[in-house]
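To start, the structure itself, in structure tokens.
Every chain is numbered from 1 and lettered A, B, ... according to where its sequence line falls, protein lines coming before strand lines. Just so it is clear, the model here is predicted, and its values are computed rather than measured.
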Amino acid sequence: MKSKFEPSEVEPRIYSMWENSGAFSAGANARKDFPSFCIMIPPPNVTGALHMGHAFNNTLQDILIRWHRMKGFDVLWQPGQDHAGIATQMVVERQLEEAGLPSRDQLGRERFLEKVWDWKEQSGGKIIHQLKRIGASCDWSRNRFTMDKGFHDAVLKVFIELYNQKLIYKGKRLVNWDPHFETAISDLEVEQVEVEGKMWYFRYPLADGESFNYPVEFDESENPVSFETRNYLVVATTRPETMLGDTGVAVHPEDSRYTHLIGKDVILPLVGRRIRIVADSYADPTKGTGAVKITPAHDFNDWEVGKRTNLPAINVMTSKGKMFLNANDDFLGNLDIPECTLELDGLDRFEARKIIVKLMAENGLLDDVQTEKHTVPHGDRSKIPIEPYLTDQWFLDTKKIVGPAIEAVKTGRTRIHPKQYEKIYFSWLENIEPWCISRQLWWGHQIPIWYDEEGNQYCAISEDEAKKMAKGKSLSRDQDVLDTWFSSGIWPIGTLGWPEATPELERYFPTNVLVTGFDIIFFWVARMMMMQLALVNDIPFSDIYVHALVRDKFGKKMSKSLGNVIDPIELIEKYGADSVRFTLTSMAVMGRDLKLSEGRVVGYRNFCTKIWNAGRFLQLNDCQIGPQFDPRNATNEINSWIIGEIAKTQEKVDNALNNYRFNDAANILYAFVWGKLCDWYLEFSKTLLKSEDPELVAETKSTLAWVYKQSLVLLHPIIPFETEELWGELYNEDTRIIHTDWPQLAVKEYEKAKATSEVEWIIGIIRIIRSGKSLLRVPPSAIIPLNVHIMTDKRYEILEKYQDFFERMARTKPLVDKRNPEFESINLDNESFVINVEGGGAISLPLGGVINLKLEKKRLIETRESLKKEISMLKTRLSNEGFVAKAPPEVVEETRENLLKLEEKILNTNAAVNGIQNLL
RNA sequence: GGGCGCGUAGCUCAGUGGUAGAGCACUACGUUGACAUCGUAGGGGUCACUGGUUCGAACCCAGUCGCGCCCACCA
């Protein structure tokens, strides 16, 4: 065995060994009649790179997968990648531009898509390779891509089914439009960004020479007392450029300032168009001026107002967000739209804004400007303000299929962990809006709709089919593609071969756990629920584990623009995949984001080193599990103790993982392996192995080998590489650790209570001797005497039995029986450090010349004082009737026991004080 | 505006009714045959604040202050 564990050498070797031997294949290591256990990987972008969130997400999945595989379940971890419409198209377009190649438009659809496929082929393997680096044990032979033929057709099939059920329809609606990508996006892809903005107050002159009295001063009961005569209305806006598309001004039907103006017209400044003053309760008298300009084609609320009050909608922008004033798009009414003579055509909407404000000011129509913060909707990919835009789009009527998805979680058929996310899930689903599923992109699943010359729709899986339906009419296909999340929505059934009735669908669906971040609950989780239930009438998974976000050490979201991204691959190269995995696991607390700091990784890298060195110790001592060895029959107490401890650890780890308490699992293992196995048992074993009793030596070697082996198995789901390597080094097994059976150590059978309490007592004494020596600055190498003053015979015998351990582990001389039946005073024959022994008894370390008697007396008195304090605290509690009557009996009992222990300690301390006094 | 979460040791975080925990960092000592990526010992916290419930509160409840996030709206 090498003296150091070298992840960079071991990890690739072990991973290929697993992969080449089919260790990850669906059903590998499945025991007969065991149920299936299936996890669908949240498919990463095919052209993406692994970030910390992926590393975290997939580590947790891999833990669950490896754990179940070892337990004998029929396991499938289904991997795959997502085509990521906008993101991928964006990358390829940028590459073309950087390389000075023809642009998307110049290439045309077919040739552009070839470029995208090229890029996919070129970079698509990267993310898979990176997932392998962290040790993900997916069944790669089943890898799926959302644009692969089978999956592609499944997506179209879904569209066709839902279309035929009239759940998918086309309509001209106002949608969130991204002027950069020139596509519609869904509500979810819109981010609200707070910006410092301005509110402009514009005067819109009344038509036909009208004027009115506007109240300007009020008395105490808010009645107007003075008025000014106005021949204009004032409206407020944050987006002046949209005024060119104004087709009305709304006031509240009960706003007495304006009621008499309803039905009259104003002249839209700069444009000269007459637009109507309408009554609509959307206008809030308490906001702005109470009169609100209405631009139905560029504002969601205005669109609704326009529909209610029969105002036309005039689109004033191109799909790129540039002004375009003579579009003559009049979708809601039939007003005659006079030609606009303003020369703004082709100007960017924000440039136009400046000019319009300037023109309004020049015309004396700018009433006021205020600066204020407001939120502006931005495209989550383009990061520019989206534009509400009037277009033809496809929608999925989610309201009609949402019911079962809500029901499934309400009834607990699907459980969300942690539970608090259920609320978020419900609140979104219960207020769901139609889902805009069409995108004006090229990379994606092209909508399977063909149109004939009259515009009739033919929904079919292929052009041939559509032609048949159209009875030979000449057809053209809809140019739009589907939202990427539409295809992700059928990931569970799609990857298993739906719509075919495949054996995999039969075996693994519904799947068991979905492990995902909360940021895609709406995008993905809720939609999978809806779509699976709608298509195959079953839940996609029974459990949803929602994990938190990995943030940087300051709690900031990692992002490229902030430059605070920690690359998991770099961490893996520096510390090894196992260390990174253990770190993420130990921080995976439900419901709280994790701030990753490199210090944690270092700590767990050291843990991996510790495990390695313990393995070396076993090998140096030639530890193997003897053929006759049964851990339940170990005779030596120390051996029994550690056997009991590993059994308890196994139980705790299972319990933690069953409850998705990954951090508990990691911490339990850490505490056992380092705190118990290495710190104590290995040290004890050094003495045991020197025994002259060959049976004890054999039992100890077997125990070491067996307990360490169980530890490796329990660690394997979190630390797969190193445990596999150690397994190969230390144990001659037919199977690799990845396919070893997960232990089931019934604590009742494996733990010997007597051995546990005995060894724990000894550990306590060793600790306190070490502590005493250290406090008194006795050099650790100094070997000191150990006198026993107060002790029952029974306990003294135990103490004697462990003499050799005291000598090795606390550096003491053989113990000397100085017990005196008269407990009045300890018979201290030299300057001594006195120790109260847990559970009764007193020992001393005679340290002549080393310690200052007066100081030691002072220390003892201080000890006595603190004991007194504790005692009086406990006494107060026990004399409290409420406590005795209402506290649980075991708590009262425990308090009594503690009090007795303390009282014994104080007696011993008194005796020690007296002993010292005699010497002084 | 609605909702969720967080505030515990210098740092990163567990704990969640019964006398405060881990890792890292810090201090002292230490090369005993697994391990200096180590060992032993130690210092360090009125568990944000204020009230309440309780025999007992870091934990439950209410409020306050600070931080973060989600949803909605924004004339």
Side-chain angles (χ1 to χ4, degrees), chain A residues 1 3-5 187 192 197 199-202 234-239 250 282-284 286-294 299-302 372-376 420-421 423-424 427-428 431 518-519 521-522 548-549 551 553 555-557 575 579 583 586-587 589 591-621 663-664 667 670-671 675 678-679 682-683 686 767 770-775 777-781 808-811 870 873-874 877 880-888 890-892 894-895 898:
Chain A
M1 236 173 118
S3 65
K4 273 185 182 163
F5 174 62
D187 299 345
Q192 301 296 336
M199 174 95 82
W200 288 272
Y201 289 79
F202 288 163
V234 180
V235 295
T237 181
T238 55
R239 305 189 54 210
Y282 165 70
D284 182 345
T286 65
K287 282 186 184 169
T289 62
V292 57
K293 65 192 255 333
I294 300 297
D299 183 285
F300 289 100
N301 287 310
D302 292 5
E372 57 167 35
K373 275 192 175 157
H374 54 134
T375 52
V376 177
Q420 72 231 31
Y421 286 111
K423 215 169 176 174
I424 299 174
S427 72
W428 190 67
N431 299 297
F518 73 85
D519 49 334
I521 290 182
F522 307 140
L549 242 50
R551 296 173 180 278
K553 62 179 169 181
K556 287 242 160 56
K557 198 168 171 172
Y575 302 106
S579 313
T583 307
S586 75
M587 299 181 83
V589 179
R592 179 168 163 161
D593 286 350
L594 51 120
K595 290 185 220 164
L596 189 68
S597 72
E598 203 166 316
R600 270 307 261 273
V601 188
V602 172
Y604 293 120
R605 188 273 319 268
N606 295 353
F607 178 55
C608 291
T609 307
K610 190 80 179 172
I611 296 169
W612 184 259
N613 284 313
R616 286 177 64 215
F617 175 80
L618 262 71
Q619 197 176 55
L620 279 170
N621 287 286
N663 60 314
D664 283 355
N667 295 336
Y670 187 98
C678 293
D679 285 352
L682 249 57
E683 295 304 320
K686 287 173 186 171
R767 278 218 158 104
R770 284 171 173 171
S771 169
K773 284 177 71 177
S774 176
L775 279 175
R777 305 193 178 269
V778 180
S781 54
R808 174 185 272 277
M809 295 165 75
R811 307 235 111 198
E870 282 185 66
M873 216 175 75
L874 292 185
R877 188 174 304 169
N880 180 334
E881 282 173 34
F883 176 71
V884 180
K886 292 184 184 173
E890 62 270 20
V891 174
V892 178
E894 202 188 322
T895 312
N898 284 340

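- Per the geometry, OH belonging to A:Y282 stands 7 Å off C1' belonging to B:A75, to the nearest Å.
- Per the geometry, CG belonging to A:N880 stands 11 Å off C1' belonging to B:U54, to the nearest Å.
- Closest contact between the side chain of A:K886 and the listed nucleotides B:C73, B:C55, B:A75 involves B:C55.
- Checked by atom type and distance alone, the side chain of A:K773 pairs as donor or acceptor with a backbone atom of A:A810 at under 3.5 Å.
- The side chain of A:R767 sits closest to B:A41 out of B:C73, B:A41, B:U12.
- In this structure, CD of A:Q192 is placed 14 Å from C1' of B:G1, rounded to the nearest angstrom.
- Between the A:T375 side chain and the A:Q192 main chain, no donor and acceptor come within less than 3.5 Å of each other.
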Problem set entry | Under the 3.5 Å Watson-Crick or G-U criterion, the dot-bracket string of RNA chain B, with | for inter-strand pairs | ((((((((.[[[[.)..(..]]]].(((((.......))))).....[[[[[..)....]]]]])))))))....

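- You'll find the side chain of A:I424 stays beyond 4.5 Å of the side chain of A:F518, heavy atoms only.
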Problem set entry | Footprint string (nucleotides 29-37 of chain B, 5' to 3'): B base within contact, S backbone only, - free, heavy atoms under 4.0 Å | S--B-BB-B

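- Comparing the same atom, P, in B:A20 and in B:G45 gives a spacing of 14 Å after rounding to whole Å.
- A donor-acceptor pair shorter than 3.5 Å can be found between the side chains of A:N613 and A:R616.
- Taking only side-chain atoms of A:Y670, from C-beta outward, the nucleotide of B:A75, B:C69, B:G23 with the closest atom is B:G23.
- Judged purely by atom type and a 3.5 angstrom limit, A:R770 uses its side chain to pair as donor or acceptor with the backbone of A:M809.
- Closest contact between the side chain of A:R600 and the listed nucleotides B:A75, B:U12, B:C69 involves B:U12.
- Among the nucleotides B:A75, B:G18, B:A41, the one closest to the side chain of A:R770 is B:A41.
- Out of B:A75, B:C70, B:U54, the shortest distance to the side chain of A:A283 is found at B:A75.
- With distances taken from any side-chain atom of A:N663 to the nucleotides B:U12, B:G18, B:A14, the minimum falls on B:A14.
- One C1' atom belongs to B:G15, the other to B:A58, and the distance between them is 9 Å to the nearest Å.
- Set against B:C73, B:C55, B:A41, the side chain of A:S774 has B:A41 as its closest nucleotide.
- Closest to the side chain of A:D284, out of B:A75, B:U12, B:A41, is B:A75.
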